[in-house]
Amino acid sequence: MILPERPALRREAALEIGRQCSVSRPTRQSYHRELRQWYVTGAGTGERAIYNKLKTHVRQSAAYLFQAESVRFGLVAPTRYGDQFAVELETARDDFHRTWHDSQAGLTVATGVRWCHVYPSVIFKVTAQAGAPRVTLVPDPADVGVLEEDRPFDRQEAIIHFFYLDMAQVRRLLTNHPREQDLLAKAHAWSDLGAGTEAMGGTSPLMVFDNVGSPMEGGGALVQGPTQVEAMVEAPRVLMAELWIVDDRIGDWRVLTCLAPQGDIADIVWDRRTPGLSGVDPFVQLTLDAPPDYTWGFSEVDDLSGLQSWRERRMQQIDRMMELQLDPPVVLGGFGGLSEERAKRLRTPGGTLATSIPNPTVNRLQPQMPPEAFAEVEAIDKQFADQGGLPILLQGQGEPGIRAGNQVGVLATLASARLRETAMRVERAVSEVATLLWRIHRQLEPEALTKPDGTRFLLTQIPRDVIVLVAAHSASPLYAAAIKADADNLLKAGAIGLEDYVTLKDPPMVDVLRAKARKLQEARAEQAKRLMAIKEMAAMRGRAPRR
C-alpha cells in the first residue's frame with residue numbers, strides 16, 4: 001500500500017490500519033482463554049476432569065509431529081548457482097546446527113507445535129536479540145492481528161503485534177529519542193499491573209458454594225474454587241504495539257513501534273524501515289487445520305472438547321455407580337422409631353443393633369453396573385483417535401486380529417496418513433523459521449568458517465536467497481524407520497558415501513562420527529587410487545600385479 005509522505009498524515013493512516021488489524025483481538029482472546037482452560041483442566045467449567053484425555057492426545061500427537069533433538073537441516077541455493085557454493089553450504093549447514101542448538105530454537109518450536117493443537121494457530125517471531133538470532137513464540141496468538149482475515153497469513157500487507165514492556169525496557173527503547181521525556185511520562189501514566197490476561201475476557205471465574213441452602217435465596221456460603229493456573233505479575237508494564245506495513249514508496253516493510261494502552265494505538269514511538277531482514281517480516285504462522293477463507297484456522301482442542309465432555313460425564317456416572325456398589329443405601333424395616341445414629345451402627349464393621357420387634361429386615365439397595373459401561377468409554381477413546389488423526393496403533397495399542405511383525409508396520413503406515421500430512425505442515429513452518437534464523441545469523445556472524453580443504457570464507461559470501469530445509473523429514477519420528485532403511489539401500493547401491501550415510505542414520509555423536517567417516521572415505525579413496533596406479537604400472541610392464 002502507499003502511505004502518505006508527511007509524518008502527520010502517515011500517523012493518522014497508521015492509527016486506522018492498526019485499528020483494522022486489531023478489530024478481532026478481544027474476541028480471539030476470549031476464545032483462546034476458553035481453549036486454554038479446556039487443555040489445562042479437561043473441562044470448560046474450570047473444575048478439573050478425572051482424566052484429561054485432551055492433554056494426553058495433544059502431547060502424544062505433538063511428539064509424533066516434531067522432535068527437537070532429531071531434526072536436521074540442509075542449505076539449498078537456487079539452481080542458477082549450480083554447484084558453485086556446494087562446499088560452502090555443507091560447512092554452513094554444520095555451523096547452523098550449532099546456532100539452532102545454542103538459540104534453543106528447537107525447544108521453542110516444540111512448544112509451538114504442542115500449543116497449535118490448542119489454539120487455532122501459533123505465531124513464531126524470529127528476531128535478533130543481544131547480537132544473536134532468537135526464535136520467540138507469541139504467548140497468545142490473539143496478540144497478532146492482520147489486515148484481512150480472509151486471506152492467508154503470508155499475503156498480508158499489514159500485521160500488528162501487541163506485547164508488554166516493563167518500565168526499564170521502555171526507558172531503553174526511548175533512549176536518545178527526541179520526545180524521550182514526553183513519551184516516558186505517557187508510558188508511566190498508561191502502565192498497569194498484571195500478566196496481560198485481564199483484558200482477555202472469556203469464561204468467568206468459577207464460583208463454588210456449599211450445600212446449605214440456595215445461593216439465589218440467600219443461603220449457601222462462597223467457598224474456595226479451583227485454582228486458575230495463570231501468571232501473576234506485579235511489575236508495572238506498558239502495552240506496546242508493533243505495526244508492520246508494506247510501504248510501496250520504500251519498497252519494503254515499514255515498522256511503527258507504538259504505545260497502545262487498552263489495545264488502542266495512542267502514540268507512535270518509532271517510525272522506520274524494517275530493522276531486520278529487508279523484504280520479509282519476522283512472523284511465521286503454524287496452523288494444523290487451515291481453511292481457505294480464514295487466516296487463523298481451526299482448533300483441534302475445540303473439535304475434541306465434545307468428546308472430552310462426554311467421556312468425563314460417563315466416567316463420573318461410572319464412579320458414582322461404583323460408590324453405590326461399595327457403599328449402597330440400606331432400608332431398615334421393623335425397627336420402630338429407630339434414630340439415625342443407631343442405624344449407622346449397621347454400616348460400621350462389627351456393628352450390632354438390638355430390637356424387641358419380631359422379624360426385622362435389612363435391605364441393601366445395591367445397583368448393578370451395566371456390562372457395557374467401560375466398553376462405551378473405550379469407544380469414546382477410539383473416537384478421540386479417529387477425530388484427532390492419531391491411530392490406536394500409534395498409541396502402543398493393538399487391534400484384535402492383527403499379527404505382530406510386518407503387518408503391524410504396514411497398517412500403522414496406512415493409518416498414519418492424516419498425521420503425516422499434518423507433519424508436512426509442521427515441517428514447512430520449521431523450514432521457514434530456520435531460514436529466517438539462518439539469514440539473521442548470516443548478517444550477524446563476524447567469524448570466518450573453515451572448509452575441509454583449509455580455506456576460509458564468510459557467511460555473507462553465500463547468497464542471501466539460500467533457504468534452509470528440513471533434511472529427509474527428520475523433524476518427525478514418523479519417518480525415522482523409513483529414512484534409516486533408505487540409507488542402507490542407498491549405501492549398498494553406491495548412491496551415497498559414508499558421511500551422508502552417518503547423517504541419515506543419525507546415531508549419537510553424529511558430528512564426531514561424520515568427521516571420522518569423512519577421513520575414512522578419504523583414506524579409502526587414496527588407497528583405491530594407489531591400487532589403480534599399481535595396476536597401470538603392471539599393465540605397462542606386461543604382467544599382472546602380484547596379489
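- For N52, the side-chain contact (heavy atoms from CB on, under 4.5 Å) partners two or more places apart in sequence, or in a different chain, are L54, K55, Q308.
- Counting only distance, with no hydrogens or angles, the side chain of T41 and the backbone of W38 share no donor-acceptor pair below 3.5 Å.
- Residues K186 and D267 meet the side-chain proximity criterion, which asks for heavy atoms closer than 4.5 Å.
- With sequence neighbours excluded, no residue forms a side-chain hydrogen bond (donor to acceptor under 3.5 Å, both in side chains) with W438.
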**Prompt:** Step by step, would you call L277 with I440 a side chain to side chain contact (heavy atoms under 4.5 Å, CB included)?
**Reply:** CA-CA 7 Å; L277 298 171; I440 295 176; 4.0 Å; yes
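- Classification of the W244-F283 ring pair by plane angle, with boundaries at 30° and 60°, yields perpendicular.
- Cation-pi geometry between R311 and Y51 is not satisfied (NZ or CZ under 6.0 Å from the ring centre, within 45° of the ring normal).
- Remark: side-chain polar atoms of S474 are paired, donor with acceptor, to backbone N or O of A471 under 3.5 angstrom.
- Judged by distance alone, the side chain of S309 and the main-chain N or O of S305 form no donor-acceptor pair under 3.5 Å.
- The salt bridge (Lys or Arg N to Asp or Glu O under 4.0 Å) search around D252 returns R273, not counting sequence neighbours.
- The backbone N or O of F66 sits nowhere less than 3.5 Å from a side-chain atom of S476 that would complete a donor-acceptor pair.
- Counting all heavy atoms, side chain and backbone alike, P141 lies closest to I123 at CB-CG1, 4.5 Å.
- Applying the 6.0 Å contact sphere to CZ of R179 captures more than 12 heavy atoms from other residues, nucleotides or ligands.
- Residues passing the side-chain contact (heavy atoms from CB on, under 4.5 Å) test with T295 are V146, E149, F153, Q156, Q285, sequence neighbours excluded.
- Within 6.0 Å of CZ in R93 there are more than 12 heavy atoms belonging to other residues, nucleotides or ligands.
- Under the ring pair (Phe, Tyr, Trp, His ring centres under 6.0 Å) criterion, H177 pairs with W270, not counting sequence neighbours.
- A pairwise comparison of heavy atoms in R249 and E5 identifies NH1-OE2, 3.0 Å as the closest pair.
- Taking all atoms of both residues into account, the shortest heavy-atom contact from I50 to E312 is N-OE2, 2.9 Å.
- For R172, the side-chain contact (heavy atoms from CB on, under 4.5 Å) partners are A168, Q169, not counting sequence neighbours.
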**Message:** side chain to side chain contact (heavy atoms under 4.5 Å, CB included) for L243 and V255? Distances and angles first, verdict last.
**Reply:** CA-CA 6 Å; L243 183 59; V255 184; over 6 Å; no
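- Using bins of under 30°, 30° to 60° and over 60° for the plane-to-plane angle, the ring pair H117/H57 lands in the perpendicular bin.
- Among residues two or more places apart in sequence or in another chain, the salt bridge (Lys or Arg N to Asp or Glu O under 4.0 Å) test is passed with R171 by none.
- No side-chain heavy atom of F163 sits under 4.5 Å from any side-chain heavy atom of D143.
- Counting heavy atoms from C-beta on, the side chains of V470 and R72 never come closer than 4.5 Å.
- The closest side-chain heavy-atom distance from T257 to I268 is not below 4.5 Å.
- Nearest approach of H161 to K125, heavy atoms of both residues: ND1-NZ, 3.2 Å.
- Using modelled atom types, one finds a donor on one side chain and an acceptor on the other under 3.5 Å when comparing Y31 with D302.
- Within the 4.5 Å cutoff, the side chain of V113 has no heavy atoms near those of the L288 side chain.
- Closest approach of P291 and G297 over heavy atoms only: CD-CA, 3.4 Å.
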**Prompt:** side chain to side chain contact (heavy atoms under 4.5 Å, CB included) between I17 and L3: does it pass, once the steps are laid out?
**Reply:** CA-CA 11 Å; I17 293 173; L3 296 176; 4.0 Å; yes
**Request:** Check the pair D102, R98 against salt bridge (Lys or Arg N to Asp or Glu O under 4.0 Å), reporting the backbone distance first and the verdict last.
**Result:** CA-CA 6 Å; D102 291 347; R98 179 64 182 268; 3.0 Å; yes
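- Every residue two or more places apart in sequence or in another chain was checked for a salt bridge (Lys or Arg N to Asp or Glu O under 4.0 Å) with R59, and none qualifies.
- With sequence neighbours excluded, no residue forms a side-chain hydrogen bond (donor to acceptor under 3.5 Å, both in side chains) with R6.
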Residues 76-92 side chain polar contacts: donor-acceptor under 3.5 Å, at least two apart:
from: R80; atom 1: NH2; to: D465; atom 2: OD2; distance (Å): 2.3
from: E88; atom 1: OE2; to: K451; atom 2: NZ; distance (Å): 3.2
from: T91; atom 1: OG1; to: V87; atom 2: O; distance (Å): 3.2

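- Salt-bridge check for E421 with R418: failed, with every basic side-chain N at 4.0 Å or more from each acidic carboxylate O.
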**Message:** Evaluate L458 against Q461 for side chain to side chain contact (heavy atoms under 4.5 Å, CB included), listing each step before the verdict.
**Reply:** CA-CA 5 Å; L458 294 171; Q461 295 177 256; 3.7 Å; yes
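- V40 is linked by a side-chain contact (heavy atoms from CB on, under 4.5 Å) to R36, R48, V229, counting only residues two or more places apart in sequence or in another chain.
- Within the 3.5 Å criterion, the main-chain N or O of A448 finds a donor-acceptor partner in the side chain of R456.
- The ring of W115 has its center closer than 6.0 angstrom to the ring center of Y39.
- Side-chain contact between I159 and E242 is absent, with no heavy-atom pair separated by less than 4.5 Å.
- Residues passing the salt bridge (Lys or Arg N to Asp or Glu O under 4.0 Å) test with E69: none are found, sequence neighbours excluded.
- Within the 3.5 Å criterion, the main-chain N or O of F73 finds a donor-acceptor partner in the side chain of H97.
- Put simply, the side chain of T287 does not reach to within 4.5 Å of the side chain of W296, judged on heavy atoms.
- Side chains of W100 and L437 form a contact here, defined as non-hydrogen atoms less than 4.5 Å apart.
- Checking side-chain atoms of T108 against main-chain N and O of Q104 turns up a donor-acceptor pair under 3.5 Å.
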**Request:** Start with the C-alpha distance between R254 and D271, add both sets of side-chain angles, then the distance that settles salt bridge (Lys or Arg N to Asp or Glu O under 4.0 Å), and finish with yes or no.
**Result:** CA-CA 7 Å; R254 179 178 293 276; D271 178 356; 2.9 Å; yes
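- Heavy-atom minimum distance, F124 versus G112: CZ-CA, 3.8 Å.
- Side chains of R134 and S103: no donor on one and acceptor on the other come within 3.5 Å.
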